[in-house]
2 protein chains.
Amino acid sequence: MSKLVPKVPVPTVSGGSRRASYSASTKRALVDVAERLFAEKGYAATSLDAIVSGARVTKGALYHHFSGKQALFESVFERVEQEAAKRIQKSLRGEKDPWRKATVGLRAFLDVVQETTYRRIVIQDGPAVLGYERYREQEERSTFANIVEIVRATLDAGSWDLDEDMLQTFARIFFGAMSSAGESVATAADPEAAARRVEGAIGFLLAGVQSLVEQGVAMPSTLGDDA
Amino acid sequence: MSKLVPKVPVPTVSGGSRRASYSASTKRALVDVAERLFAEKGYAATSLDAIVSGARVTKGALYHHFSGKQALFESVFERVEQEAAKRIQKSLRGEKDPWRKATVGLRAFLDVVQETTYRRIVIQDGPAVLGYERYREQEERSTFANIVEIVRATLDAGSWDLDEDMLQTFARIFFGAMSSAGESVATAADPEAAARRVEGAIGFLLAGVQSLVEQGVAMPSTLGDDA
DNA sequence: TCGAAGTACGTACCAGCGGTATGTCGGATA
DNA sequence: TATCCGACATACCGCTGGTACGTACTTCGA
């Protein structure tokens, strides 16, 4: 049946063969539908049949473009991730003061993390499906990179000789804190109030760091230990 | 075959019928095996056949004791969770100073989170399998409760009128930070060094908060906003 | 003591899942 | 125009979680 209905290719302006255009179109359709279903029902509860039927193709097409369900998810993951990273980065433009950058970046992240698509695909299913290692690799090139940048700028304000590992650690901590906070914000009865509380809490932590910076307190290599 | 080999019941000292003893024994065997396999290969990659074969029973037995795979997981989850909570709570005994409590509690949590069983079952698979809501409900009664307690004691040091919501927010943030940090510690090339860095970083944040407390800085209701 | 009832499983089976092997058709290429 | 190959469609497979039903063993009341 679907054979009788000629598919409408995506109106690619550029050159390239007609066939390539059709191909890209169906591939994009698969990723589109998969993103929607993964976001709505989660990875495990979404069947390939549902995806290919939604994209009006068959499993043959899916397995022609992707090596399997996980590869398709990875494609969706990358897109969602890069979209989020772009939005955060955009909000950062123009801000010069590192502390302002941190504030603005936090707000942007809290916005992003409140969308079901990002939360479900990147935060919830991402680590479980890709495995933590692959997940981290992906993150390191996009949203997490933004966090690292902000943390770097912020901590550079105090002119310590802060090694890269420590910086990564700080970034990890903030990223984890914000992800967890985002989850609770998104599922809260009053998300806006919850978001304000999160901003307040993290802002307080930042103010604490800022205070130490101004006092010229050195970064500890470990926790105070009097044993 | 297994019918010919009489099962050895767990030597319950207490009363209760012989049959109940046998029953409890097989149930415990199921949870034991499930915990091992879930921790080793993850929830999705562990089949019920593998579990029942490991426990030397059949699916009939499993479905007699549990309503399904998820219910079995929940049973495992609870046990692992409570075990972890107990260990953290134990490490807290004797500590009186809230800042010391925070330090000790952090160390205990970092220890716990480095074990594959807790990490895989509670942190990785937990939210995805149970759903975030159920996951939060479970956590709220055990490990997370400890975090809340520590945060409460710490923030009470500065005598603000800190409302409960804000406290929960702080606890969520710290819990997320520590979970994420724990994951990176466990997968690091040098876990001990990574753990020290995490302790240093979070200790620094705590020091910042402490500094603000000593300065008598008030909790902000939101981030500084000059717009 | 002896049957009836219920518990604690075992057995057989099913629909749906991800994945694969193979067929087919139309556009690109020479 | 003949040929080839990419882009799918079709048919099928093994495995999975889950269910229906059968059965042996216990417990308990008469």
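Labels below follow one simple rule: chain letters A, B, ... track the order of the sequence lines, proteins then strands, and each chain is numbered from 1.
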### Message
Is the phosphate of C:dT11 approached by B:Thr58 (side-chain N or O, under 4.0 Å from OP1 or OP2)?
### Response
no
### Task
On the 0 to 90° scale, with breaks at 30° and 60°, tag the B:Phe175-B:Phe144 ring pair as parallel, tilted or perpendicular.
perpendicular
### salt_bridge(A:Arg79, A:Glu74) N-O dist < 4.0 Å
no
### Query
Please give, in whole Å, the distance from C:dA8 C1' to B:Arg28 CZ?
18 Å
### Task
For A:Glu83, check side-chain contact (heavy atoms from CB on, under 4.5 Å) against everything at least two apart and list the hits.
A:Arg87
### Query
To the nearest Å, how far apart are B:Arg56 CZ and C:dG10 P?
11 Å
### Query
By side-chain contact (heavy atoms from CB on, under 4.5 Å), which residues pair with A:Ile150, not counting sequence neighbours?
A:Leu92, A:Ala102, A:Thr154
### Query
Who are the side chain to side chain donor-acceptor pair (under 3.5 Å) partners of A:Glu192, not counting sequence neighbours?
none
### Query
Who passes side chain to side chain donor-acceptor pair (under 3.5 Å) against B:Gln168, sequence neighbours left out?
none
#### Entry: Any donor-acceptor pair under 3.5 Å from B:Thr187 side chain to B:Glu183 backbone
yes
### Query
Reading nucleotides 14-19 of chain C from the 5' end, what letters show protein touch, with B for base, S for backbone sugar-phosphate only, - for no heavy atom under 4.0 Å?
---SBB
### Message
Less than 4.0 angstrom between a side-chain N/O of A:Thr26 and OP1 or OP2 of D:dC8, yes or no?
### Response
yes
### Task
Could you tell me the separation between the CG atom of B:Leu30 and the P atom of D:dG17, rounded to a whole number of Å?
14 Å
### Query
For B:Ile51 and D:dT16, what is the distance between atoms CD1 and P respectively, to the nearest whole Å?
11 Å
### Query
So, does B:Lys69 use its side chain to make a donor-acceptor pair with the main chain of B:Thr46 at under 3.5 Å?
yes
### Query
Is a salt bridge present between B:Glu140 and B:Arg172, judged by a nitrogen-to-oxygen distance below 4.0 Å?
yes
### Task
Have a look at the helix from C:dT1-D:dA30 to C:dA30-D:dT1 and give the angle its two end axes make, five pairs each, rounded to 10 degrees.
0°
### Task
Could you tell me whether the phosphate oxygens of C:dC9, OP1 or OP2, come under 4.0 Å of any side-chain nitrogen or oxygen in B:His65?
yes
### Query
Expressed in angstrom and rounded to an integer, what is the separation of B:Leu72 atom CG from D:dT16 atom P?
16 Å
### Task
Report yes if a side-chain nitrogen or oxygen of B:His64 is closer than 4.0 Å to either non-bridging phosphate oxygen (OP1 or OP2) of C:dA8; otherwise report no.
yes
